[in-house]
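Bear in mind the structure is a predicted one, so any value in this text is a computation, not a measurement. Below, chains carry the letters A, B, ... as their sequence lines are ordered, and counting in each starts from 1.
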Amino acid sequence: MFDLNSLNPPQQEAVLHDKGPLLILAGAGSGKTRVITHRIAYLVEERGVSPYSILAITFTNKAAKEMRERAERLLGSATSGMWVMTFHSMCVRILRRYAVHLGYTQDFTIYDTDDVKSQMRKIMKDLNINSKQFSPRVFISAISKAKNECISADEFAKTAYDYIDKQIARVYKEYQKRLQDNNAMDFDDLLLNTVILFDTVGEALNYYNDRFQYIMVDEYQDTNTAQFRLIKHLANHRNERGEYEHNLCVVGDDDQSIYKFRGADITNILSFENTFINAKVIKLEQNYRSTQKILDVANEVISHNYGRKDKKLWSAQDGGADVTFIQYGTDIEEATGVVREIQKKVDNGALYSDFAVLYRTNAQSRLFEERMIRMNMPYKLVGGVNFYQRREIKDILAYLKILVNPRDAAQIMRIANVPKRGIGDTTLDKLAEYADYTGCSLYEAMCSESGRASAPRAAKKIEEFVELIESFKEYKAENTIEELIGHIVAEIDYKDYIAAIDEDDDKTNDRMENISSLVDKAVDYEENAGADASLEDFLSEVSLVADIDMVDDDKDAVMLMTLHGAKGLEFPCVFICGMEENVFPSGMSQEPGEIEEERRLCYVGMTRAKKELTLTCAKQRMIHGMTTANNASRFIMKDVPRHMLHIAGHAHESFMHNYKSSLDPYKITRTSPYENPYTAYKKASASYSSASSAGDVPVRELTPAAPTGPGFEVGDMVNHPRYGAGKVTRIDKGSKDFEITVDFDGISRKMLASFAKLTKI
DNA sequence: CAAAAGTAGGTTTTT
DNA sequence: CCTACTTTTG
């Protein structure tokens, strides 16, 4: 049973919303999961909707699990039949059923980023693309971006005009062909192929449209184009009178959109009302998580972004502790100080699990880890080197994957010589060549007499390898996954193999322990899945786990993670560390749009805190082995009025000095006694950015910038004496000159208008 | 074909 | 700084 009275009026309205599209703009900590779960319970209990026709989509398995558990608690019954899962697992589920329509078998393999990377390296080699000139990264991210936008290899080729795009088109096509040959999909394919499936196979779409009457999507602000199209397809159920109902309920917060780099398209949420006509919009603005003091600071920061949906979070918990800011001398002092601070509070009765240390990049975790180990402080590290990326895990998984999908050449390449059995790269190359020539798969080449003849010296070894794999297949048919893994590890003497690689026994033991964790996961899986357990299902589950999914909440330990990793979580006390220019915001983010995304990330981080929020930075920090000095982050120095922070620590004096001097760089003439200089700067330069109106920031008129333009506009084609033809992609007004960003064949360069000898073509 | 040594390049965030 | 790839040597 559930109680509507426990909800506030807008929450109730959202839960009780009848039919048709619904957008819930849910600010941080406003109880969105509560609303979704109550809505599910309401639909099932009060409106007689079958759980079978409800689909709830999240981004992480952890969120999905939590949502299902909470819905079940409200309903007091199991919600079997209801789909509560991530985009990716949903797509896998759909594709396993219909893969044949797309030229895959249902046993297709899922490639993770490492698989993709090695595949890409191979392709570049084969296509004679200089890896010095282009890093595989360039191609990988370009292809990923295209897939996220539902652009196929052929479509990409049609609009590829410059050299680099043509290269990408060529690589994209080859890459896709190889994945298809290997019966494999990468993460982006899971989404894109499902979209293609729904575009082309009416039978598949009809099946799911008949089934899903109510659809909920969590974290809607982070959806990309492929996900958007997927949702659009799925939300086409017709009622018994044949009318579309679009019972689509999306929940999100544009201020928490932090995955643009991964293709998330913020316009999905900003224009929801245009896409789904007659959509109802409900705002949840009461925050139940944080104190007002924390929200004040967070609101102040986010208010510096443009083009937001208008809303303002407020809390019923008035007051609270001041938000603290500490500038340390060095990154080491920062780590020591933070760890000490946590220990002090634990000594005074807090739990370790009350604390989270958040940072911009994973690399920053190291110092905290070191300090915590030394201080004997229990911690949980989220992210970093993923469990499933470890060599020993990937090796064992490769063996398993081959058993399910023998066409997957990448896995065979990986372990054909693991452990060493005399099948080296040259042998594999010859086999691959034979396979390519005859049009069979690598494994088939290994199985055939004539295939082995292409590498006569190793023929015997190859035959033995094939026999080994076949014996595993037989073993698999009769035994559990748990037993299978043990069997493989024993048969190939894996321990001896890694012991020979590792410097010391500790490392080898570590690795063996990791393998037994993998076995544990297999046991878990088999217990959960019961009679439905299958190796391919286990493998896809394993491929789709996120770092955050692996965290067990029971252990009393401090959490260490990136700001991204913290989304959707909350902690009584939060430390955001490394709040320095070039660290946070990242030095990689330069353009206004990118800075805004960093600012949203800052907002997300701050709003994780329930009771206490501490922001720290260091004057000096070691980055890539070099000592660097950075100013405190603009998110503190320029976004938050001084009086809202409690400034602590020994660096107080020098900080105050910096605080003042940091106001100068932009040399903006103030029009009022005090105006946040960064805001003023942005207003002055607003005419040069495409940003829309200023949301809830009160706009005061400033003297417009000097009318003299740079002589070019964005989009113009220009000629440069050295770099040749290029396209103007950006124009920024500097203090006395215009900075022009020009794209020359994919390489973008910044230059000052008065110095660069640019001519318009 | 395997192991060791050397070197170059890249390090934002991740399902 | 660290890893992952390349080159060299056995």
> Counting any heavy atom closer than 4.0 Å, what does A:Glu598 reach on the DNA or RNA strands: base, sugar-phosphate only, or nothing?
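It contacts base atoms.
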
> Rounded to whole Å, please give me the gap between CG in A:Leu358 and P in B:dT13.
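Atom-to-atom, A:Leu358 to B:dT13, this comes out as 14 Å.
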
> Over how many whole Å does the gap from A:Ile576 atom CD1 to B:dT13 atom P extend?
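That distance rounds to 17 Å.
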
> Applying the salt bridge (Lys or Arg N to Asp or Glu O under 4.0 Å) criterion to A:Asp255, which one of A:Arg308, A:Lys567, A:Arg599, A:Arg600 satisfies it?
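With A:Asp255 as partner, A:Arg308, A:Lys567, A:Arg599, A:Arg600 yield a single salt bridge (Lys or Arg N to Asp or Glu O under 4.0 Å), made by A:Arg308.
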
> Could you give the CD1-to-P distance, from A:Ile140 to B:dT13, as a whole number of Å?
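Taking CD1 of A:Ile140 and P of B:dT13, I get 15 Å after rounding.
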
> Which of the following nucleotides, B:dT14, B:dA2, C:dC1, is nearest to the side chain of A:Asn417?
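In terms of side-chain proximity for A:Asn417, the closest of B:dT14, B:dA2, C:dC1 is B:dA2.
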
> Which of parallel (below 30°), tilted (30 to 60°) and perpendicular (above 60°) describes A:His564 and A:Tyr259?
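Geometry flag for A:Tyr259 against A:His564: tilted rings.
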
> If you pin A:Ser586 and A:Thr427 to their nearest nucleotides in DNA chain B, which one's is more 5'?
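This one resolves to A:Thr427.
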
> Nearest of B:dT15, C:dA4, B:dT11 to any side-chain atom of A:Arg137?
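From the listed options, B:dT11 comes nearest.
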
> Please check the phosphate of B:dT15 (OP1 and OP2 only) for any side-chain N or O of A:Asn224 closer than 4.0 Å.
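Answer no for this pair, as no side-chain N or O of A:Asn224 is under 4.0 Å from OP1 or OP2.
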
> For B:dT14, give its Watson-Crick or G-U wobble partner with both distances under 3.5 Å, or none.
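Here B:dT14 is not engaged in any pair, so there is no nucleotide opposite it.
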
> Using a 4.0 Å heavy-atom cut-off, does A:Gly422 contact any base of the nucleic acid, only the sugar-phosphate backbone, or nothing at all?
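Sugar-phosphate contact only.
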
> How close or far is atom P of B:dT13 from atom CD of A:Glu594, stated in whole angstroms?
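Result: 15 Å.
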
> Does A:His88 or A:Ala458 map to a spot on DNA chain B nearer the 5' end, using the closest nucleotide for each?
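Going by which nucleotide is closer to the 5' end, it is A:Ala458.
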
> Whole Å only: how far is the OH atom of A:Tyr259 from the P atom of B:dT13?
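It is 11 Å, rounded to the nearest whole Å.
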
> What nucleotide among B:dA2, B:dT14, C:dC5 has an atom nearest to a side-chain atom of A:Arg121?
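The answer is C:dC5, which lies nearest to the side chain.
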
> Give the rounded distance in Å between these two atoms: CG of A:Leu191 and C1' of B:dT14.
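Taking atom C1' of B:dT14 as the reference, CG of A:Leu191 is at 13 Å.
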
> Which is true for A:Arg366 with a 4.0 Å heavy-atom rule: it touches a base, it touches only sugar-phosphate, or it touches nothing?
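The answer is sugar-phosphate, as A:Arg366 gets under 4.0 Å only of primed atoms, P, OP1 or OP2.
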
> Report the C-alpha distance between A:Tyr497 and A:Tyr494 in whole Å, list the side-chain angles of each, state the deciding distance to 0.1 Å, and finish with yes or no for ring pair (Phe, Tyr, Trp, His ring centres under 6.0 Å).
CA-CA 5 Å; A:Tyr497 165 74; A:Tyr494 193 73; 5.6 Å; yes

> Are B:dT13 and A:Phe261 stacked, with the base six-membered ring and the side-chain ring centres under 5.5 Å apart and planes under 30°?
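Aromatic stack with B:dT13 present for A:Phe261.
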
> By the definition side-chain contact (heavy atoms from CB on, under 4.5 Å), identify the one residue from A:Asn268, A:Thr223, A:Leu55 that meets it with A:Ile231.
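Running side-chain contact (heavy atoms from CB on, under 4.5 Å) over A:Asn268, A:Thr223, A:Leu55 with A:Ile231 returns exactly one hit, A:Thr223.
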
> For a quick test of reading the model: is some side-chain N or O of A:Asn362 closer than 4.0 Å to OP1 or OP2 of B:dT13?
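Answer is yes, contact under 4.0 Å.
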
> Does A:Ser89 make a side-chain N or O approach to OP1 or OP2 of B:dT15 shorter than 4.0 Å?
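Negative; the distance criterion is not met.
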
> Round to the nearest Å and state the distance from A:Lys147 atom NZ to B:dT14 atom C1'.
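After rounding, the gap between these two atoms is 16 Å.
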
> Starting at atom NZ of A:Lys567, determine the distance to atom C1' of B:dT15, rounded to an integer number of angstrom.
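The distance from NZ of A:Lys567 to C1' of B:dT15 comes to 11 Å, rounded to the nearest Å.
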
> Please find the pair of heavy atoms, one from A:Ile266 and one from A:Asp254, that lie closest to each other, and give the distance.
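Here A:Ile266 and A:Asp254 meet closest at CD1-O, 3.8 Å.
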
> So does A:Lys420 get a side-chain nitrogen or oxygen closer than 4.0 Å to the phosphate oxygens (OP1/OP2) of B:dA3?
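The answer is yes; a side-chain N or O of A:Lys420 sits under 4.0 Å from OP1 or OP2.
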
> Is the shortest side-chain heavy-atom distance between A:Arg511 and A:Asp395 below 4.5 Å?
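Contact flag for A:Arg511/A:Asp395 side chains = no.
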
